[in-house]
> 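Dropping the structure in here first, questions after.
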Protein chains: 2
Amino acid sequence: MASHGARGRSGGRPTLEEVAARAGVGRGTVSRVINGSPRVSDATRAAVEAAVAELGYVPNTAARALAANRTDAIALVVPEPETRFFAEPYFSDMLKGVGAGLADTEMQLLLIFAGSDRERRRLAQYLAAHRVDGVLLVSVHADDPLPDLLAQLEIPAVISGPRSAAETLTSVDSDNYGGARSAVEHLLSRGRTRIAHITGRLDVYGAQRRVDGYREALRDAGHEVDERLIEPGDFTEEGGARAMRNLLARRPDLDAVFAASDVTAAGARQALREEGRRIPDDVALVGYDDSAIARHLDPPLTSVRQPIEDMGRRMLDLLLAEIADRRPAVSRGLERSQVVLPTELVTRASS
Amino acid sequence: MASHGARGRSGGRPTLEEVAARAGVGRGTVSRVINGSPRVSDATRAAVEAAVAELGYVPNTAARALAANRTDAIALVVPEPETRFFAEPYFSDMLKGVGAGLADTEMQLLLIFAGSDRERRRLAQYLAAHRVDGVLLVSVHADDPLPDLLAQLEIPAVISGPRSAAETLTSVDSDNYGGARSAVEHLLSRGRTRIAHITGRLDVYGAQRRVDGYREALRDAGHEVDERLIEPGDFTEEGGARAMRNLLARRPDLDAVFAASDVTAAGARQALREEGRRIPDDVALVGYDDSAIARHLDPPLTSVRQPIEDMGRRMLDLLLAEIADRRPAVSRGLERSQVVLPTELVTRASS
DNA sequence: AGGTACTGTGGGAGCGCTCCCACAAGTGAT
DNA sequence: ATCACTTGTGGGAGCGCTCCCACAGTACCT
């Protein structure tokens, strides 16, 4: 008969049905074994497993996805061009954390870049087709529509770095506030008193929190906050240099700078050099991220390290939990959904 | 009845059937429109398209995959740990080329790392499940079993850098032979006559071809090949330095070095410096890859550039063609399946 | 007029699973 | 002995598509 053409009648990949026949059991039982259900006797399980091994059975993902309405895949969405992704160790570290967690799973990770408009449209289409069970979102700006799209499609998602204090999505972040505090407290403990701050882009929530940490660390130490010591930056090197020049013009007597990123600090260092200030003798410098730049700067830069790999791991765990919760309503004890991980100050010669 | 639980009866995603009803046509017709079959009248097509738009219909990939026995996804497999992937611009560039080609397609790209044994087992499982229609393989060593697995599973695959002259898989490569020739010819044209070569790992076919190019360029110019001017390296910096020291000990009168990679050249430069040789005054140096290292070396390094982005693009095109050929046997005019792309010598201060 | 094409269309069958209902068999209380 | 559970099992129905056969309609030959 073979009404359906040559499409793999016999000789193709074995099916559940064939495994069942071989093991002398029903289809349902094989399915239970494959999916690790406890409701199978040991003898039956062994028989099925033997048949699976003999036949070299591998489940057909498409069939499973269709029947069970899930894909066993999640996406790591990077709303940036590839170039930035590769340039910043942030992503690589995060990927490592996610990958480690995934190893214990059957889940597949997709890496999706959505830097250009075209790519974003493709992504929207992709998500609308529900081709993934959940989404990991990194490096999202305040006005990004992606999180709302995800919410509307009811796709579980976890974001790294909440967009605001009122973030609705499950989020994982490092303690920007505490990290900034530790940087400032460190400078204070080194006897510095006129500590400036070059901020990050203030439409990024984390950057705001770093400013908050800076302010309150000073206040708690009994210092007044001088607004002339705060200068906006934008996470870039040029921005850091410009900000540093402005600060020096306004408060030539400053003796320390806390920059919102290592790249910013590199710019600040440049400007300080040009003005003939020695680091750390005249001005102490502290950065943020503890990236490769920090180690290779001259002098090596004291910096606040974020546990990025851990963040990736936690994001994954939270996402998997959310996905599991949408399935058969086995409500498990969910962790609180805004995780904040501690930072660590790495002291080097610049302070 | 809803025997199947709450699973999206109405209010869920629209199905083909619903679109058909709305457009007042049959299921088959809608399928034809969705898949761009020409066997549909313009009026019908318009009606279906309207219904699709109104309902916001998006095809269910799983159902399609099950019925049509394809996945509309391909994998870029990197048999290396993530770390190396991120460290080398090679991969990033290749990904860019592949991504560009993919934009015109419905295909989804998966990035799969198979650095550890564990990851490799997962990958094998993944491939056995036929979760992708084809595979792009980069950076494969001579003894890698992956290509054979792919062949056995009858999964279309394209490899970057054939494993040998007898490579059976479709491959895309740059002209290692010609690239090496151009480097040597350049050095000859600069008046150098005692040109040494530090090779790459000779179990990599491309490295062998570079040696061939080196030899024949000299021979064709009427020079004898002195085997004492050829020293094995391994693509690493230390290997390059070691090889350079050996060469200097053996032939202290050499006046040029062609290294099989920029990293190797960086090692060689180090060793030359230690021996007090000036570059290029005493010894001219040429590398291979034209990576970031080449530009940042002191002095900037003359290097052979490979069109990596183009290679990615070509690999993709070849793979898509192979996949298409396995489907309804619309045999299209296949390009020959061993593509070799030209290289370009980038001249800088080191030579 | 009858034949032979081709075009456009509808819908049955089937892809390989999961989910769940039905039911047999065993266990322990009444 | 009866009832009430529990445990293990088989298999029907259905997931949403694609493929293909069947057939109506039209066009162009003999």
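Here the structure is a predicted model, which means the values were calculated and not measured. Each chain gets a letter, A, B and so on, in the order the sequences are listed, and its residues count up from 1.
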> Got a sec, which pairs hit salt bridge (charged side-chain N to carboxylate O under 4.0 Å, His left out) with one end in residues 138-152 of chain A, sequence neighbours left out?
R120(A)-D144(A)
> Would you say the side chain of R163(B) lies within less than 4.5 Å of the side chain of H141(B), judging by non-hydrogen atoms?
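H141(B) vs R163(B): side chains apart.
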> Round to the nearest Å and state the distance from E18(B) atom CD to dC15(D) atom C1'.
13 Å
> A side-chain contact here means heavy atoms from C-beta on lying under 4.5 Å apart; do L123(A) and V77(A) qualify?
yes
> Tell me every residue that passes side-chain contact (heavy atoms from CB on, under 4.5 Å) with A65(A), counting only those two or more places apart in sequence or in another chain.
A62(B)
> Which residue pairs pass the salt bridge (charged side-chain N to carboxylate O under 4.0 Å, His left out) test when at least one of the two sits in residues 103-115 of chain B, sequence neighbours left out?
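Sorted result for residues 103-115 of chain B: R118(A)-D104(B), D104(B)-R313(B).
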> If an axis is fit to five pairs at each end of the helix from dA1(C)-dT30(D) to dT30(C)-dA1(D), what is the angle between the two, to the nearest 10°?
50°
> Please confirm whether the shortest side-chain N or O distance from N35(B) to OP1 or OP2 of dT18(D) is below 4.0 Å.
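Affirmative; the distance criterion is met.
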> In this structure, how many angstroms lie between the P atom of dC15(D) and the CG atom of N60(B), rounded?
11 Å
> Taking atom types as modelled, find out whether Q338(B) and T170(B) have a side-chain donor-acceptor pair closer than 3.5 angstrom.
no
> Counting distance only, does the side-chain N/O of T105(A) pair as donor-acceptor with the main-chain N or O of M107(A) below 3.5 Å?
no
> In this structure, how many angstroms lie between the C1' atom of dC17(C) and the CD atom of E17(A), rounded?
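Interatomic distance, CD of E17(A) to C1' of dC17(C): 10 Å.
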> Figure out the CG/C1' separation between L66(A) and dC17(C), and round it to whole Å.
8 Å
> Between T29(A) and dG10(D), does any side-chain N or O lie under 4.0 Å from OP1 or OP2?
yes
> Scan residues 36-48 of chain A against DNA chain D and write down, sorted by residue number, each residue with any heavy atom closer than 4.0 Å; if none is found, say none.
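Correct list: R39(A), V40(A), S41(A), T44(A).
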> On DNA chain C, check which nucleotide each of G24(B) and A63(B) is closest to and give me the residue with the more 5' one.
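Looking at the nearest nucleotide for each, G24(B) comes out on the 5' side.
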> To the nearest angstrom, how far is R27(B) atom CZ from dG12(C) atom P?
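The distance from CZ of R27(B) to P of dG12(C) comes to 8 Å, rounded to the nearest Å.
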> In this structure, which one of T168(B), V140(B), V135(B) forms a side chain to side chain contact (heavy atoms under 4.5 Å, CB included) with P147(B)?
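Considering T168(B), V140(B), V135(B), a side chain to side chain contact (heavy atoms under 4.5 Å, CB included) with P147(B) is found only for V140(B).
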> If you look only at distance, which donor and acceptor atoms sit under 3.5 Å apart when one is on a side chain in residues 48-56 of chain A and the other is two or more places apart or in another chain?
residue : atom : partner : partner atom : Å
E54(A)  : OE1  : R22(A)  : NE           : 2.7
E54(A)  : OE1  : R22(A)  : NH2          : 2.4

> Between R64(A) and dT18(C), is there a side-chain N or O to OP1/OP2 distance below 4.0 Å?
yes
> Could you give the CG-to-C1' distance, from L16(A) to dT18(C), as a whole number of Å?
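Distance check: L16(A) CG to dT18(C) C1' gives 9 Å.
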> Please report the distance, rounded to the nearest Å, between CD1 in I34(A) and P in dT9(D).
15 Å
> What integer distance in Å separates R13(A):CZ from dG16(C):P?
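The answer, rounded to whole Å, is 9 Å.
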